[in-house]
Amino acid sequence: MVQFDNKTAVVPLGVQNPQLDKKSLSPLKGLFLADTHRKSALLVRLSHCILGSTFSLRRGKRKIQGKPFSFFPLLHFLGALGVLAVNLSFSPTHAQGDIDTLLANMTLEQKVAQMFLASLYGEQLTEVGRAFLQQWQPGGVIVFEYNVPAENAPASVTALINDFQQTTIDSGNLPLIIAADQEGGIIATFEAGFTAFPVPYLGAATQDSDLAYRYGQALAEELRAIGVNMDLAPVADLETNIYNPIIRRRAFGSDPQIVGAAVANVVRGMQDAGVMSVAKHFPGHGDSSQDSHTELPVVNLDRERLLNTELIPFQQAMNVDVSGVMVAHIWFPSLEPQENTPATLSYNIITGLLREEMGYEGLAITDAMDMDAIDLNYTPGESAVLAVQAGIDLIALGPHMGLEGQAQAIQSVIDAVRAGTISEARIDDSVRRILSAKQRYGILDWQPLDSSTTNERLNLDAHSQLIEELFAAGVTLAFDNTDLVPLSGNIAIIYPGTRSQIQRECSVYSENVNWLSVSASPTADDIAAAQDVASRADVTVVFTNDAFYDSTQQSLVNALPPESTVVVALASPYDVMMFPNIGAYMLTYSPLPAGIPVVCGILFGSQPARGRLPVALSADVPAGTGTD
């Protein structure tokens, strides 16, 4: 905001504001009569005057001496320059000059703190959390599930984020990056009151760039509505190991080209809607057999394989200027010879591969540093120092690291710079990237959101319509070896009793159906009943839900005549591996209700199956396969 003669106006940096007339700008009009070079010099001189008060900060003894430092007089002044700059051809070079000026006037402590994404427990900002923000002044905060109440979540989270930001600004710090894990599908920080998005598989199965773009855009719209400006998504990992314990349906698929295209379009949609996107988990978590939350995984793929497969989606994301790349807590021996060194702490991977070989200039971000792959082997301070030395810009401290550990991490990096272990120039490189990202996404011009109108900003109806379009384009008939679809003759449909919508939606197409509802994990009686109904049918349809992991569902399907059986998988695409001889196989990828009308329409021939597999089911059914 800019204030002249007791008049206040909101002025985004570098954007002309018609609300300010010439009279209101008269106190500064003489500053803009000089040429471009003189204006630049004047900017620097005046900003130094604004920020020139003596200031020292000693973290070790927790004392602040002198007048508290505040960036906001400078931001207000730069905002005024931004108003007039439109007519004076204010160039991007000057915008970078603004960042350099901010950087030059920050203490070492403030610069280091910008490199940390803190976590603060509670649905409201506690006094302990408030004191942490005031004293340590981190560059951002990640919102986790424990910040989200069960009721009235959108408005409550909006108010909480407002409090995070206002507390930070009032303490003299720059506004915060506010990040969250909102991947769509099974990983979602925000659920009640928000859109339940389908898993990424579905977006990739559409092979539709516009739908993928709108998927990213919709995720971003809901985050922006509550004040989140960075989404720790999308997952750019390939699901090349179906026994991976942590990625699974978080990925877009197994084929690097299909996944890369989908990831790039999601990134574009998200960032065009004003939210920074972060591709993860570099250089690829998909082929691991271990979970980095509980141990340090090792991925033993050769360098050529990684470059030609796993890294393609990340490169596609970088090609569209993804704001951040999150680095995995995984050891890659072909990229990092030092035994048991996670990528997060590897100079060879972050600076060597990501920066120098792949040319990435955005934010390099750690995965959460409280995960066991890290915290079983390093203290918070040790891991933070090693991450910075490796080339990381933003350190995500994690949901389960206490405030004492978070403070230790920040202080350890400060101490390392003081000791000469890390150069201040290395810190400046990262902070310049962070400030540039904050400027680009309007974070430096933060204004509070009205929590009473959050629901109006969420745009839930439009996103519900988008989900229907995603299912219509993404539901896939992977194969139909015995020409069972569309259904004809005597039909039996077996479905989980908890999904009564299936009978309701499909009944409109035919009265010649024998229906059987069974338990989610079928009993022996359910299996006997299924055999009986199938024996009297020309074709039997069975709906499964993660049968890949459920032996009772496998037993039911395998008890039926395979050549006349159609399986509709509502979740895992890999159910078919447990009954490979079935006649036809259809996938919705996500069990959301919007998928069921599409399945029924395809089964009874009222609409085509437009989706294509984003994953390989076998050598005979590769990614990209689909039957119309």
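Residue numbers run from 1 in the order of the sequence given.
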Can you name the closest pair of heavy atoms from Ala530 and Leu560 and give their distance? O-CD2, 3.6 Å
Interatomic distance, Leu470 atom CG to Gln465 atom CD [nearest 0.5 angstrom]: 10.0 Å
Run the numbers on Asp372 and Thr294 for side chain to side chain donor-acceptor pair (under 3.5 Å), then give the verdict. CA-CA 5 Å; Asp372 285 352; Thr294 59; 5.9 Å; no
Between the CG atom in Asn241 and the OG atom in Ser254, the distance rounded to the nearest 0.5 Å is 11.5 Å
Contacts of Glu505 meeting side chain to side chain contact (heavy atoms under 4.5 Å, CB included) (sequence neighbours excluded), chain-then-number -> Gln501, Ile596, Pro597, Cys600
Taking atom CD as the centre, does Gln607 end up with more than 12 heavy-atom neighbours from other residues, nucleotides or ligands that are less than 6.0 angstrom away? yes
Could you grab the distance from atom CG of Asp483 to atom OG of Ser488, nearest 0.5 Å is fine? 10.0 Å
Measure from the side-chain N and O atoms of Asn147 to the backbone N and O of Phe144, and report whether any donor-acceptor pair falls under 3.5 Å. yes
Dump the intermediate steps for side chain to side chain donor-acceptor pair (under 3.5 Å) on Ser209 and Asn265, then the final yes or no. CA-CA 6 Å; Ser209 59; Asn265 285 309; 4.8 Å; no
Indicate yes or no for a side-chain donor-acceptor contact from Ser618 to the backbone of Val621 under 3.5 Å, with no hydrogens or angles considered. yes
Partner of Phe282 by side-chain contact (heavy atoms from CB on, under 4.5 Å), out of Ile349, Asp237, Thr344: Ile349
Any idea how His281 and His285 line up, ring-wise: parallel (<30°), tilted (30 to 60°), or perpendicular (>60°)? perpendicular
The test is salt bridge (Lys or Arg N to Asp or Glu O under 4.0 Å); show your working for Asp181 and Arg250 and say whether it passes. CA-CA 12 Å; Asp181 272 309; Arg250 297 170 63 189; 5.6 Å; no
Is the shortest distance from a Lys or Arg side-chain nitrogen in Asp255 or Arg612 to a carboxylate oxygen in the other one below 4.0 Å? no
Take the angle between the ring planes of Phe197 and Tyr215 and call it parallel below 30°, perpendicular above 60°, tilted in between. perpendicular
Counting N and O atoms only, with roles assigned by atom type, does the side chain of Ser323 sit under 3.5 Å from a partner on the main chain of Asp321, one being a donor and the other an acceptor? no
Between Glu123 and Ser156, do the side chains contain an N or O donor and an N or O acceptor separated by less than 3.5 Å? no
Going by the rule side chain to side chain donor-acceptor pair (under 3.5 Å), which residues pair with Gln182 if we only count those two or more places apart in sequence or in a different chain? none
So, does Arg457 use its side chain to make a donor-acceptor pair with the main chain of Asp450 at under 3.5 Å? yes
Mark yes when over 12 heavy atoms from residues, nucleotides or ligands other than Tyr121 sit less than 6.0 Å from its OH; otherwise mark no. no
Let me confirm one number: the CD-OG1 distance from Gln257 to Thr309, rounded to the nearest 0.5 Å. 9.5 Å
Measure the OH-CZ distance between Tyr243 and Arg248 for me, rounded to the nearest 0.5 Å. 11.0 Å
